[in-house]
Amino acid sequence: MQGLAPSSKLSLTVVVVGLLLGMAGAAHGLTRVVSSSPDEPCMNMTLYYHDILYNGNNTANATTAAATKPTALATTYWKNSTYFGALMVFNDPMTVGKALPLAGEEPAARAQGFYFYDKQTRDFSVVGGTGDFFMARGVTTIRTDAIEGLYYFRLQMDIKLYECYL
């Protein structure tokens with residue numbers, strides 16, 4: 001992983017059309033770096049996103065909950081009990097490795113925001129950030145890394161930033 005110090009924190013917000021690495025603060029004393037080529041990002045990293053769906057009984061561990069109920073138009077039902085178009089709100093830990101953070105351990109980052117089930121979207125725009133990622137711009141590509149039962153999944157997120165403040 002290039003450019004991410006072990007103690008760095010960031011927050012990500014995944015929306016259908018964008019990925020937001022948080023939004024706050026000011027870039028005091030930082031230098032804006034813009035990549036001169038789409039093949040050479042100013043920062044490149046891989047993080048693992050852990051999502052634990054609320055099932056009605058796991059309040060202490062859940063990181064994601066449905067914000068909408070299926071409508072009569074949501075006729076596509078998948079084996080993991082999700083419906084096309086369902087809106088989910090999340091506050092998920094992100095790690096450098098694949099393991100969930102242990103109790104009391106801080107994740108490398110937090111992903112916060114919402115997503116829709118559409119079974120197709122895999123690239124998101126990076127549209128901002130906090131701390132080391134203030135006003136970052138780029139793209140992330142996600143792939144499903146693990147699915148355990150109906151209520152947990154892990155995504156690998158390959159993040160390439162083309163506008164950074166260092």
Side-chain angles (χ1 to χ4, degrees), residues 1-53 62-65 67 78 80 82 84-102 104-148 152-166:
M1 179 168 57
Q2 172 190 336
L4 181 64
S7 63
S8 293
K9 299 287 183 220
L10 67 146
S11 82
L12 296 172
T13 302
V14 178
V15 293
V16 172
V17 295
L19 175 74
L20 175 65
L21 295 163
M23 257 332 233
H28 298 292
L30 299 177
T31 303
R32 180 175 176 238
V33 176
V34 178
S35 177
S36 60
S37 165
D39 297 328
E40 298 177 28
C42 53
M43 190 175 294
N44 190 12
M45 68 189 100
T46 297
L47 295 173
Y48 292 89
Y49 167 100
H50 303 271
D51 196 77
I52 303 169
L53 299 172
T63 60
T64 301
W78 295 307
N80 66 347
T82 61
F84 176 83
L87 173 64
M88 308 300 284
V89 177
F90 63 89
N91 181 4
D92 293 332
M94 296 184 73
T95 57
V96 174
K98 294 182 178 188
L100 270 167
L102 300 174
E105 182 181 340
E106 285 292 319
R110 302 252 3 137
Q112 301 167 334
F114 60 92
Y115 59 83
F116 296 93
Y117 281 112
D118 72 355
K119 212 173 182 180
Q120 296 177 19
T121 304
R122 290 295 179 183
D123 292 307
F124 300 100
S125 298
V126 175
V127 295
T130 61
D132 293 346
F133 305 101
F134 176 77
M135 294 190 57
R137 302 287 186 265
V139 66
T140 186
T141 301
I142 63 170
R143 72 175 178 83
T144 303
D145 187 63
I147 297 174
E148 296 177 14
Y152 172 79
F153 67 86
R154 180 178 60 231
L155 301 176
Q156 177 179 320
M157 300 182 81
D158 296 316
I159 304 167
K160 294 181 181 180
L161 302 179
Y162 295 95
E163 184 174 343
C164 311
Y165 282 81
L166 306 173

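Predicted, not measured: the structure shown is a model, and the values here were computed from it.
C42 has its side chain out of reach of E163: every pair of non-hydrogen atoms, C-beta onward, lies at least 4.5 Å apart. At least one side-chain heavy atom of P101 sits under 4.5 Å from a side-chain heavy atom of T95. Proximity of L47 to I159: side-chain heavy atoms (C-beta onward) are separated by under 4.5 Å at one or more points. The shortest side-chain heavy-atom distance between M94 and M157 falls under the 4.5 Å cut-off. Using a 4.5 Å cut-off on side-chain heavy atoms (C-beta onward), I52 and F153 make no contact. Inter-residue side-chain proximity for R137 and L161 is flagged as unmet; no heavy-atom pair is nearer than 4.5 Å. D145 places a side-chain heavy atom less than 4.5 Å from the side chain of Y48.
With sequence neighbours left out, T64 forms a side chain to side chain contact (heavy atoms under 4.5 Å, CB included) with D51, L53, M88, F90, D92, Y115. For A67, the side chain to side chain contact (heavy atoms under 4.5 Å, CB included) partners are L87, V89, not counting sequence neighbours.
Each of I142, T141, T140 was evaluated against D123; a single residue qualifies, T141, per the side chain to side chain contact (heavy atoms under 4.5 Å, CB included) test.
Under the 3.5 Å distance criterion, the side-chain polar atoms of R154 are matched with a main-chain donor or acceptor of K98.
Between H50 and T63, the side chains place no donor N or O within less than 3.5 Å of an acceptor N or O (distance only, hydrogens not considered). Side-chain N/O atoms of T144 and R122 include a donor and acceptor closer than 3.5 Å.
Ion pairing between K160 and D158 fails under the 4.0 Å rule for side-chain N and carboxylate O.
Annotation: the span from E40 atom CD to Y162 atom OH amounts to 9.5 Å, rounded to 0.5 Å.
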